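What follows is one structure encoded as structure tokens, with my remarks underneath.
Because only heavy atoms are used, hydrogens play no part in the values below, and waters and symmetry mates are left out as well, while side chains stay in. None of the values given here were measured: they were computed from a predicted structure.
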Amino acid sequence: VTIFISATSIAQHELAQPALATPLKLLSLSLVFITLDGIQQGVLLGFERVRQLGIINLGAVLISAPIQILLAWHFGLEGAVAGLMLTVVLRWLFSFFLMFQCVNIVGLKSYRQLLTKHISVLQEFALPAFLSGAMITPVHWVCHGMLMRSPNGPTEMAIIGVAAQWFYLIIFVPAAA
């Protein structure tokens with residue numbers, strides 16, 4: 001919510017790119033799905049569904065990658081952001097359905113029953129994890145903003161983005177095998 005509200009200020013003052021206000025607002029909405037997906041993937045890890053998680057992540061990327069490319073090609077930055085949001089939402093949906101399959105297998109009647117049974121875990125682990133993540137993201141953005149304001153900043157940001165994608169691919173392949 002804070003990022004959504006302050007997206008215009010971040011784009012103008014921190015990134016020195018006012019045109020990035022709308023994409024920042026759109027990306028801030030994806031944080032809700034990223035958080036929910038993280039909780040669901042944690043539940044799935046508790047059910048030891050590591051292989052299925054790998055399939056979910058790979059499936060979401062394979063489905064959304066061509067769509068991301070088309071959206072970016074036709075709509076530019078806003079299309080690329082929409083494509084990234086699509087990936088996040090697909091991962092959330094896939095893990096949502098797998099989580100409910102697992103919950104039904106062990107005999108829990110509903111998500112509410114699971115929530116009330118494990119509320120202390122959510123309060124003692126998930127909430128602090130969320131708060132620590134909420135602190136890291138703004139610092140990450142400020143650092144990116146400093147890079148964006150430097151000479152050739154947008155080009156350097158693009159290089160970091162590509163390098164990060166390769167990094168995650170290199171980590172994913174051994175983990176999925």
Side-chain angles (χ1 to χ4, degrees), residues 1 3-4 23-75 78-141 144 158 160-177:
V1 175
I3 295 170
F4 184 83
L24 284 175
K25 286 181 180 181
L26 292 174
L27 285 174
S28 70
L29 297 176
S30 70
L31 292 176
V32 173
F33 291 102
I34 290 170
T35 303
L36 293 173
D37 183 53
I39 292 169
Q40 291 170 176
Q41 289 198 18
V43 170
L44 292 170
L45 285 173
F47 286 119
E48 299 178 354
R49 303 289 187 198
V50 177
R51 188 176 209 33
Q52 288 91 340
L53 281 173
I55 293 169
I56 284 172
N57 290 327
L58 181 62
V61 168
L62 290 177
I63 290 170
S64 63
I67 297 170
Q68 285 180 5
I69 292 168
L70 288 173
L71 287 172
W73 182 269
H74 291 289
F75 300 104
E78 284 80 12
V81 169
L84 288 172
M85 289 181 65
L86 175 68
T87 302
V88 169
V89 171
L90 283 175
R91 277 186 30 204
W92 171 75
L93 280 172
F94 293 162
S95 64
F96 179 81
F97 289 120
L98 180 60
M99 183 187 71
F100 269 100
Q101 283 180 341
C102 293
V103 167
N104 288 333
I105 289 171
V106 298
L108 293 172
K109 300 283 188 244
S110 69
Y111 189 70
R112 176 181 235 166
Q113 182 182 3
L114 180 67
L115 181 63
T116 56
K117 184 176 179 181
H118 298 291
I119 192 74
S120 65
V121 173
L122 290 173
Q123 289 173 338
E124 295 171 13
F125 174 73
L127 182 61
F130 170 74
L131 292 175
S132 70
M135 291 171 35
I136 292 169
T137 301
V139 171
H140 186 77
W141 280 20
H144 282 188
I160 286 176
V162 170
Q165 289 179 354
W166 280 103
F167 172 76
Y168 293 125
L169 178 67
I170 290 168
I171 288 175
F172 172 75
V173 171

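- Annotation: side-chain hydrogen bond (donor to acceptor under 3.5 Å, both in side chains) contacts involving residues 26-35, sequence neighbours excluded, are absent.
- Separating the CG atom in Leu24 from the CG atom in Leu29 is a distance of 11.0 Å, to the nearest 0.5 Å.
- Under the side chain to side chain contact (heavy atoms under 4.5 Å, CB included) rule, Met99 has a single partner from Gln40, Gln41, Arg49, which is Gln40.
- Here the side chains of Met85 and Leu26 are in contact, with some heavy-atom distance below 4.5 Å.
- With sequence neighbours excluded, no residue satisfies ring pair (Phe, Tyr, Trp, His ring centres under 6.0 Å) with Phe4.
- The CD atom of Glu78 sits 15.0 Å away from atom NE2 of His74, with the distance rounded to the nearest 0.5 Å.
- Considering only heavy atoms from C-beta on, Leu53 comes within 4.5 Å of Leu45 through its side chain.
- Distance check: Phe75 CZ to Leu70 CG gives 10.0 Å after rounding to the nearest 0.5 Å.
- By the side chain to side chain contact (heavy atoms under 4.5 Å, CB included) test, Phe94 is found to be paired with Ile56, Ala60, Ile63, Leu90, residues two or more places apart in sequence or in another chain being considered.
- By the side chain to side chain donor-acceptor pair (under 3.5 Å) test, Thr87 is found to be paired with Ser64, Gln68, residues two or more places apart in sequence or in another chain being considered.
- Partners of His140 under the ring pair (Phe, Tyr, Trp, His ring centres under 6.0 Å) rule, at least two apart in sequence or in another chain, are His144.
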Quiz: residues 162-171 side-chain donor-acceptor pairs under 3.5 angstrom, not counting sequence neighbours:
none

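- Side chains of Ser95 and Leu44 form a contact here, defined as non-hydrogen atoms less than 4.5 Å apart.
- To the nearest 0.5 Å, atoms CD1 (Ile67) and CG (Leu62) are separated by 11.5 Å.
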